[in-house]
Amino acid sequence: MKKLTNTLLVLSCIFTIPTVFADITVNMHLVAPQGQGKSIGTIIATDTPYGLLLTPHLSSLTSGLHGFHVHVNPSCNDNGMAAGGHLDTDKTGKHLGPYNNNGHLGDMPPLYADKDGNVTLPVLAPRLKEADLKGHSLMIHAGGDNYSDNPPMGGGGTRVACGVVK
């Protein structure tokens, strides 16, 4: 309970701290074989003293948890496969989650879609900054993520939505 209280306190502080940085808005689309699929909304990325705050305004996802990552390439073509793998600037080769400094930099906390498929709950990626996103893509997977390499890529499964960060 104390951990949850501390987490909520930190998040409440983040929402009240004014930033001097310009936010990045990423337009998210369902993946498609060619080009972009249907628009499902946006994700706003904001630098904070505690890491990168990602505020989704999404719809049309299945309810439940979805793996969420920064992928290497700035492309969502070929059903999202053109995005490449997770951003791993230190070449760790490890899928260890957003709170472990020894794994992929692109691992982020999962997104939660409510029973209607809407995603509005912000997540905090403590190791990332806005600058880390530029020239890459954001990817949402069909399932949750256990932040291990077994099953491959933590079991997030199929790539369902993607957005290129400009």
Side-chain angles (χ1 to χ4, degrees), residues 14 17-61 65-113 119-145 147-149 152-166:
I14 290 169
I17 295 173
T19 64
V20 294
F21 302 101
D23 294 342
I24 295 174
T25 299
V26 182
N27 295 310
M28 300 296 292
H29 295 84
L30 294 176
V31 298
Q34 314 254 309
Q36 297 177 338
K38 171 187 164 189
S39 173
I40 62 167
T42 62
I43 295 176
I44 299 170
T46 307
D47 279 327
T48 77
Y50 306 100
L52 187 66
L53 182 67
L54 296 128
T55 306
H57 302 279
L58 304 172
S59 62
S60 303
L61 292 173
L65 290 176
H66 294 271
F68 185 39
H69 307 99
V70 179
H71 282 242
V72 175
N73 301 323
S75 175
C76 295
N77 293 332
D78 192 23
N79 286 319
M81 298 309 291
H86 297 175
L87 181 63
D88 189 16
T89 54
D90 292 334
K91 311 240 183 285
T92 66
K94 298 176 184 172
H95 184 70
L96 299 174
Y99 311 108
N100 189 313
N101 290 329
N102 298 317
H104 297 160
L105 182 62
D107 287 349
M108 295 193 290
L111 296 176
Y112 174 74
V119 181
T120 57
L121 184 64
V123 296
L124 182 66
R127 298 173 53 212
L128 289 170
K129 298 177 187 150
E130 286 180 20
D132 296 322
L133 300 182
K134 295 193 178 182
H136 300 291
S137 57
L138 298 183
M139 187 69 64
I140 300 171
H141 293 265
D145 194 335
Y147 303 117
S148 78
D149 291 320
M153 292 291 125
T158 306
R159 299 171 185 202
V160 295
C162 182
V164 173
V165 184
K166 299 178 182 184

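The basis for the numbers below is simple: all heavy atoms, side chains too, and nothing from hydrogens, waters or symmetry mates.
Side-chain contact check for D132 versus L105: some heavy-atom pair is nearer than 4.5 Å. Using a 4.5 Å heavy-atom cutoff, the side chains of M108 and L138 are in contact. Looking at heavy atoms from C-beta onward, C76 lies out of side-chain contact with H29 at the 4.5 angstrom threshold. Annotation: side chain of H136 is not in contact with side chain of P74 (no heavy-atom distance under 4.5 Å). With a 4.5 Å cut-off on side-chain heavy atoms, H86 and H71 count as touching.
Here the CG-CG distance, from L121 to L58, works out to 11.5 Å after rounding to the nearest 0.5 Å. Going from atom CG of D145 over to atom NE2 of H66 covers 12.5 Å, rounded to the nearest 0.5 Å. Between L65 atom CG and L111 atom CG the span is 9.0 Å, to the nearest 0.5 Å. Note that the CG atom of L52 and the CG atom of D47 stand 6.0 Å from one another [nearest 0.5 Å]. Between atom OG1 of residue T25 and atom NE2 of residue H57 there is a gap of 8.0 Å, rounded to the nearest 0.5 Å. In this structure, CG on N79 lies 11.0 Å from CG on L30, to the nearest 0.5 angstrom.
Nearest heavy-atom pair across L133 and A45 is CD1-CB, 3.7 Å. A pairwise comparison of heavy atoms in L61 and A113 identifies CB-CB, 4.2 Å as the closest pair. Nearest heavy atoms, M28 versus I140: CE-CD1, 3.7 Å. Of all heavy-atom pairs spanning Y99 and P126, the tightest one is CD2-CG, 3.5 Å. Closest heavy-atom contact between T92 and H104: OG1-N, 3.6 Å. Nearest approach of S137 to A83, heavy atoms of both residues: OG-CB, 3.3 Å.
Note on residues 26-58: no pairs pass disulfide bond (SG atoms under 2.5 Å apart), not counting sequence neighbours.
In this structure, D107 contributes its side chain and L96 its backbone to a donor-acceptor pair below 3.5 Å. T55 places no side-chain N or O within 3.5 Å of a backbone atom of P122 that could act as its donor or acceptor partner.
A donor atom on one side chain and an acceptor atom on the other are found under 3.5 Å apart for T46 and D23.
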Sequence neighbours left out, cut at 3.5 Å: what donor-acceptor pairs do the side chains of residues 157-166 make with other protein atoms?
unit_1, atom_1, unit_2, atom_2, d
R159, NH1, G80, O, 2.9
R159, NH1, G84, O, 3.0
R159, NH2, G84, O, 3.1

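Taking the six-membered ring where tryptophan is involved, the planes of H69 and H95 are tilted, since the angle between them lies from 30° to 60°.
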